[in-house]
Protein chains: 2
Amino acid sequence: MTKPQQNPMRSVHRAFQVLSELELAQRPLRLTDLAQRTGLHIATTQRLVNVLTEHGYASRHSNGYTAGPAALSTAHAFAMTSPVRLIARPILEELANATGLTASLYVRVQNSRVLIDRVEGGRRPQYSLPIGERLPLYPGAAGKVFLACDPETDLDATAADLAPVTLADGTVLEHSAVLADLQDVRTRGFAISVNERQFDTTATAAPIVDSAGRILGSLGLSGATAELRDVESSALPSDVRRAAQAIGSRVPPAN
Amino acid sequence: MTKPQQNPMRSVHRAFQVLSELELAQRPLRLTDLAQRTGLHIATTQRLVNVLTEHGYASRHSNGYTAGPAALSTAHAFAMTSPVRLIARPILEELANATGLTASLYVRVQNSRVLIDRVEGGRRPQYSLPIGERLPLYPGAAGKVFLACDPETDLDATAADLAPVTLADGTVLEHSAVLADLQDVRTRGFAISVNERQFDTTATAAPIVDSAGRILGSLGLSGATAELRDVESSALPSDVRRAAQAIGSRVPPAN
DNA sequence: AAGGTTAATATCATAGAATGAGAATGGCGG
DNA sequence: CCGCCATTCTCATTCTATGATATTAACCTT
């Protein structure tokens, strides 16, 4: 998606561009497809996927290339070493136990968020392991937080980029609605979403900020909309906000 | 570890070299450390790790760099699309249910194996999620299979590279012992390990081979040594072998 | 706090790697 | 058996990647 068409480290950037397409496709891609999607010359694409494959980040199959197993081991290393994740873990458990809801930890990667860790709250068992899932920044409480709570972000421009957005309940948000939403999140320091990204799911989220003011992640708490009719007036948002602050204060600042 | 110091795609190779060190270290590394470990110039290392960070495959913290969250989402994509994994899943469950043991699926990445999927058998609950763990090829049943069952591999040279090896029970294997072991695995078509990599763990494993004879992975079944005193004479090895063949026969050949 | 030390980033000329056009090979399906 | 599509190879040109050095920033010691 991102096309860093600048000079420096071009081939490396392109390698990750290819990898990103493999990840995005969620199905095997033929070399030609890859070349088309990335906009690179076939020969170039070929050399890049060969390197990716050699290192295990891509795999070749009968019907094309997919992401490779090396990503799994790198992900494992990340999970074992990420300070935010390690610090947040017990707090996720605490939140999930206390509320019976699902506690989730996201970090931002470029223009999306990635689910880093999750503790399911109670009843309904979890069938799929969505950890590692990549989601958009806008619809969804935990995503909005990244946009709204980053002082660097120009909310107006961002809203313009995003709009119009269609939510899971069918609502369509225009520029002004998105902007108002983001501004609201920014001033309140937390976000609430009702049936935004997933129908019948309500969530509240708050930013995890280090002492230097950088956003390290987003802490979300979600459950069935039916069970959360009174989120706005409940203590949940401030609970989440407090928990997020607790995490942030324990993570040493990046520099 | 691998140093592809050839000309083509040098910078991309180096990028993965850096990433590999980050993964291996399992702790934050400072830029200088990274440069030393990879043998690259500091300036070069810096540019590479910046690109990695920009794409989310590395993260910067107060005390150095670690692997980054993008690896998680790529890993997720891999898990959702890998044919071997998808095909093997039900068979892992079946094996684990039938035997009460732990069924594991590994694939090879360069000179190591990565745990792709696992179904725990019965009693003892699993505390850590070791999926993604990177292990050596030699000690351990599931690893040996990759070396022994690949007709391309020169067992004698491989044994020479490996020896001497110290097992978890303290045994030290010299060249001849390793060679004999590998040859045995090759002729029998499955491997057995007792207290080799983990003390008090016994395992048996067989290669997953596609119709073209390429090794796609390794299927292992493991449990406490005490419960598996009679593996050699039991039906387990051939059960595993049969299951591995079943998987292999359902995966379309790579080309 | 201030000075000394180490780490991270910027600058720049040169070498050589990366690129893309096209040709050649290899597989697959008809 | 033949033609088609995907992949791999070849090669000259250009621009990117490199590494020595200089600069800035962070850190720790006292």
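Order of the sequence lines fixes the chain letters, A, B, ..., with proteins taken first and strands second; residue numbering starts at 1 for each chain.
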Item to check | Short side-chain donor-acceptor distance under 3.5 Å, A/Ser11 and B/Ser11 | outcome: yes
Rounded distance in Å - [atom1] ([X]) to [atom2] ([N]):
X: A/His13; N: C/dT19; atom1: NE2; atom2: P; result: 13 Å
X: B/Arg10; N: D/dC15; atom1: CZ; atom2: C1'; result: 15 Å
X: A/Leu29; N: D/dA6; atom1: CG; atom2: C1'; result: 14 Å
X: B/Ile42; N: C/dT11; atom1: CD1; atom2: C1'; result: 16 Å

Next on the checklist: To the closest 0.5 Å, what do you measure between NZ (B/Lys144) and CZ (B/Phe190)?
Outcome noted: 11.0 Å
Options [options], nucleotide nearest the side-chain atoms of [X]:
X: B/Thr32; options: D/dG19, C/dA7, D/dT8; answer: C/dA7
X: A/Ser11; options: C/dA21, D/dT18, D/dA17; answer: D/dA17
X: A/Leu31; options: D/dT8, C/dA8, C/dT19; answer: D/dT8
X: B/Ala43; options: D/dG19, C/dT9, C/dG20; answer: D/dG19

Next on the checklist: Heavy atoms only, 4.0 Å cut-off, all strands: where does B/Arg30 land among base, sugar-phosphate and nothing?
Outcome noted: sugar-phosphate
Checklist entry - Excluding sequence neighbours, so at least two apart, what forms side-chain hydrogen bond (donor to acceptor under 3.5 Å, both in side chains) with A/Asp117? => result A/Arg89
N/O (side chain, [X]) to phosphate O (OP1/OP2, [N]) under 4.0 Å:
X: B/Gln46; N: C/dT9; answer: yes
X: B/Arg14; N: D/dG19; answer: yes
X: A/Arg60; N: D/dT8; answer: yes

Next on the checklist: Using heavy-atom distances to pick each residue's nearest nucleotide on DNA chain C, tell me which of B/Asp33 and B/Arg47 is more 5'.
Outcome noted: B/Asp33
Item to check | Qualifying residues under ring pair (Phe, Tyr, Trp, His ring centres under 6.0 Å), relative to B/Phe16, sequence neighbours excluded | outcome: A/Phe16, A/His55, A/Tyr57
